[in-house]
Amino acid sequence: GSSSSIIYCNFLQCLSFHSQTNPIPIYTPNTSNYSSILEFSIQNLRLLSSTTPKPHLIITPLQESHVQAAVICSRKHGIQIKTRSGGHDYEGLSYVSDVPFVVLDLFNLRSITVDEENRTAWVQSGATLGEVYYRIAEKSGILSFSSGSCPTIGVGGHFSGGGFGAMFRKYGLAADNVIDARIVDVNGRILDKESMGEDLFWAIRGGGGGSFGVIVSWKIRLLTVPPTVTVFTVDKTLEQGATELVHRWQYIAHKLPQEIFVGVIFNVVNEKEKGEKTVQASFVSMFLGGAKKLLILMKQRFPELGLESKHCTELSWVQSTLYFAGFPVEGSLDVLLNRTQPKRFYKAKSDYVKEPISKIGLEGIWRRLLEEEQPQMIFSSFGGRMNEISESEIPFPHRKWNIFMIQYLAYWEGLEATEKQFNWIRKLYKYMEPYVSKSPRAAYLNYRDLDLGQSKNGTATYLQSKAWGSKYFKNNYERLVEVKSKVDPQNFFRNEQSIPTITSFG
Ligand code: FDA
């Protein structure tokens, strides 16, 4: 209506007033670039349909002061902002809402400054993980960072939600290795670790960025790796004894030395001999060392896998990031800088496992996977460094006693199939109940799942929000609510699963 256009008009005036010397780039639905800027980093096709709510404006700050202006003006004029870094949120909370909103897209804020001598780096939120890996490797062959495997993930969402990859058994999560940050708070001030205080600095390392402010940049501790690391993938179908092996893996992987990670990825494939569908378990691994040592270790600890040197590839750490992203390891590193990637329709869910699942339990999983065309499950082994960090060190609480984590994924083609696929993955999730963590049944924030509960744009009470808050954060939920109440008492930074304030107790 016209009252809303007046609000946006005033908002735009406010923005131009606050960025006179160097105007903030703004895109309205009438601007020719609006759609391409909006769609560019939408990773999930089910959130790229014509019925998906679209932002009134997209604001793309070029400098920190633009972020300040966006916060000051949107607050002044009562406009909801959604901060987007890499756009990989599984449920699109960085660019979709039921209420009118604008997107604050940080993709222009992506500088990375590596300090090789002090083994640290400052990374802006709009950078991608691929860019981070590339810039580190440019400076050093023995420095690295511990974060996710998909190079187009944005730093902003990933670091603020945890962030794990093939080295987390050695070094913990991305958020565990953040040593400073710069955030624009609800009053438009820029704060660093010192000035934001212990509580807020704690909250943004795993508590999700969307509830507390706009994090502009992060200082990270770079992590030492040997010049040569080793990767392998061993595939086993059900006919080749996958059930037995996966069952064994559950007792072994989380107890292996911290230098090795062995995960299992499950896909449905066509069996070569009979041409029938079967489940294939791929044991995917990275070892921080050479192949010779790895072969000895695996022979001692997991001989059933039958690892041979033909499975192993020795490479540099940065090449291993190509390997996990599915690129040829001998190819150019430039692919890490490419911010575009194939989009798919999908829905995901997560679980944590504390006791090995019986063979009968596993066989029930296989039967359910075989009902679908493109299902996927990923088991990521925990243990190692993750056991040493306390549950309350940062908001991410899933530490000791977890032997592995599960990610469930349904992929499909075409919007029409959405409901069927949602039903399938929910059924699988229900089936898993007896085998996974209980009270609460825990989940990983970065694998955002609105089935756990949601509110209309962050208006839920403390108790309502606890439905998902306790799953993502366990006992840390309470402290997150306290921090939120202190730093954003009017609940300006909010989304469908944000942290509520204490005043919402009523
Ligand atoms: P996006 O921009 O969508 O933001 C996610 C959330 O954070 C939103 O609520 C947003 O508002 C908020 N936010 C973003 N930037 C912010 C900022 N600067 N300040 C404040 N709030 C901010 N995870 C993992 O741990 N390991 C892995 O290997 C993978 N692999 C993987 C592969 C693929 C293909 C996808 C799509 C996702 C993953 N993930 C993952 C999950 C990933 O870590 C998660 O989706 C991150 O939140 C994505 O961060 P983006 O910045 O890209 O998301």
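For ligands, and for the atoms within them, numbers begin at 1 and follow the listed sequence.
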The ring pair (Phe, Tyr, Trp, His ring centres under 6.0 Å) partner of F396 among F473, F168, Y444 is Y444
Within the 4.0 Å heavy-atom cut-off, what Y444 brings close to ligand 1 is side chain
task: Validate the cation-pi geometry between R46 and F345: distance from NZ or CZ to the six-membered ring centre under 6.0 Å, angle to the ring axis within 45°.
output: no
* Donor-acceptor side-chain pairing of N267 and Q280 below 3.5 angstrom -> no
If you scan protein heavy atoms around atom 46 (C) of ligand 1, the nearest is N446 OD1, 3.5 Å
TODO: Say whether, by atom type as modelled, one donor and one acceptor occur between the side chain of Q124 and the main chain of S217 under 3.5 angstrom.
DONE: no
The closest protein heavy-atom partner of atom 29 (C) of ligand 1 is I153 CD1, 3.5 Å
* **Residues, nucleotides or ligands: over 12 heavy atoms within 6.0 Å of D192 CG** => yes
Closest to atom 36 (C) of ligand 1 among protein heavy atoms sits Q43 OE1, 3.1 Å
**Asked** At a 4.0 Å cut-off, with the gap strictly under it, does some heavy atom of Y346 reach an atom of ligand 1?
**Response** yes
For G209, the ligand 1 atoms with a heavy-atom partner under 4.0 Å come out as 20 (C), 21 (N)
Notebook entry, point to check: Centre of Y429's six-membered ring, under 6.0 Å away, within 45 degrees of the axis: is that where NZ or CZ of R441 sits?
Noted result: yes
For I215, the atoms of ligand 1 under 4.0 Å from one of its heavy atoms are 17 (C), 18 (N), 19 (N), 20 (C)
Of S94, A325, S380, the one whose closest heavy atom lies nearest atom 4 (O) of ligand 1 is S94
At a 4.0 Å cut-off, with the gap strictly under it, does some heavy atom of Y447 reach an atom of ligand 1?
yes
Note: ligand 1 atoms sitting under 4.0 Å from heavy atoms of R84 are 2 (O)
Note: ligand 1 atoms sitting under 4.0 Å from heavy atoms of G210 are 21 (N)
- Item | Basic-acidic side-chain contact under 4.0 Å: D449, K347 | yes
Aromatic centroids of F379 and F266 separated by under 6.0 Å = yes
At under 4.0 Å between heavy atoms, what of L106 touches ligand 1? The answer is side chain
From the list S320, S144, S147, side-chain hydrogen bond (donor to acceptor under 3.5 Å, both in side chains) partner of Y133 resolves to S147
the protein heavy atom lying closest to atom 10 (C) of ligand 1 turns out to be T83 O, 3.1 Å
So for V216 against ligand 1, with non-hydrogen atoms under 4.0 Å, the contacting part is neither
| task | Check whether NZ of the Lys or CZ of the Arg R494 lies under 6.0 Å from the centre of the six-membered ring of F492 and within 45 degrees of that ring's axis. | result | no
query: Polar-atom distance check: G148 versus ligand 1, any N or O pair below 3.5 Å?
result: no
When rounded to the nearest 0.5 Å, the distance separating CD1 of I425 from CG of L428 is 7.0 Å
Contact region, H158 to ligand 1, non-hydrogen atoms below 4.0 Å, reads both
Would R399 and E391 count as a salt bridge (charged side-chain N to carboxylate O under 4.0 Å, His left out) here? Give the steps. CA-CA 6 Å; R399 305 285 185 175; E391 289 196 358; over 6 Å; no
Atom 15 (N) of ligand 1 sits nearest the protein heavy atom S85 OG, 2.7 Å
Are Y477 and Y462 close enough that their ring centres sit under 6.0 Å apart? yes
When distances are taken from atom 6 (C) of ligand 1, the protein heavy atom at minimum range is D89 OD2, 3.6 Å
Atom 26 (N) of ligand 1 sits nearest the protein heavy atom F164 O, 2.8 Å
| G163 to ligand 1, any heavy atom closer than 4.0 Å | yes
min-distance protein heavy atom vs atom 50 (P) of ligand 1 -> G86 N, 3.5 Å
(Q) Between ligand 1 and F212, can you find any atom pair, the residue atom being a heavy atom, that is separated by under 4.0 Å? (A) no
Atom 14 (C) of ligand 1: of A175, G157, A181, the nearest heavy atom sits on G157
Check for me whether the distance between the ring centres of F404 and Y352 falls short of 6.0 Å.
no
Note: S125, heavy atoms under 4.0 Å from ligand 1, region reported as side chain
Per-atom filter on ligand 1: closer than 4.0 angstrom to a heavy atom of N495 are 9 (O)
Note: heavy atom closest to atom 28 (O) of ligand 1, options A348, S149, C150, belongs to S149
query: Is it true that the side chains of D235 and S282 contain a donor and an acceptor less than 3.5 Å apart?
result: yes
So CG of D98 and CG of N457: to nearest 0.5 Å the spacing works out to 7.5 Å
| G87 to ligand 1, any heavy atom closer than 4.0 Å | yes
Does ligand 1 have any atom that is closer than 4.0 Å to a heavy atom of K82? no
Hey, does the Lys NZ or Arg CZ of R479 hover above the aromatic six-ring of W202, less than 6.0 Å from the centre and inside 45° of the axis?
-> yes
Filtering G213, S160, S350 for the heavy atom nearest atom 20 (C) of ligand 1 leaves G213
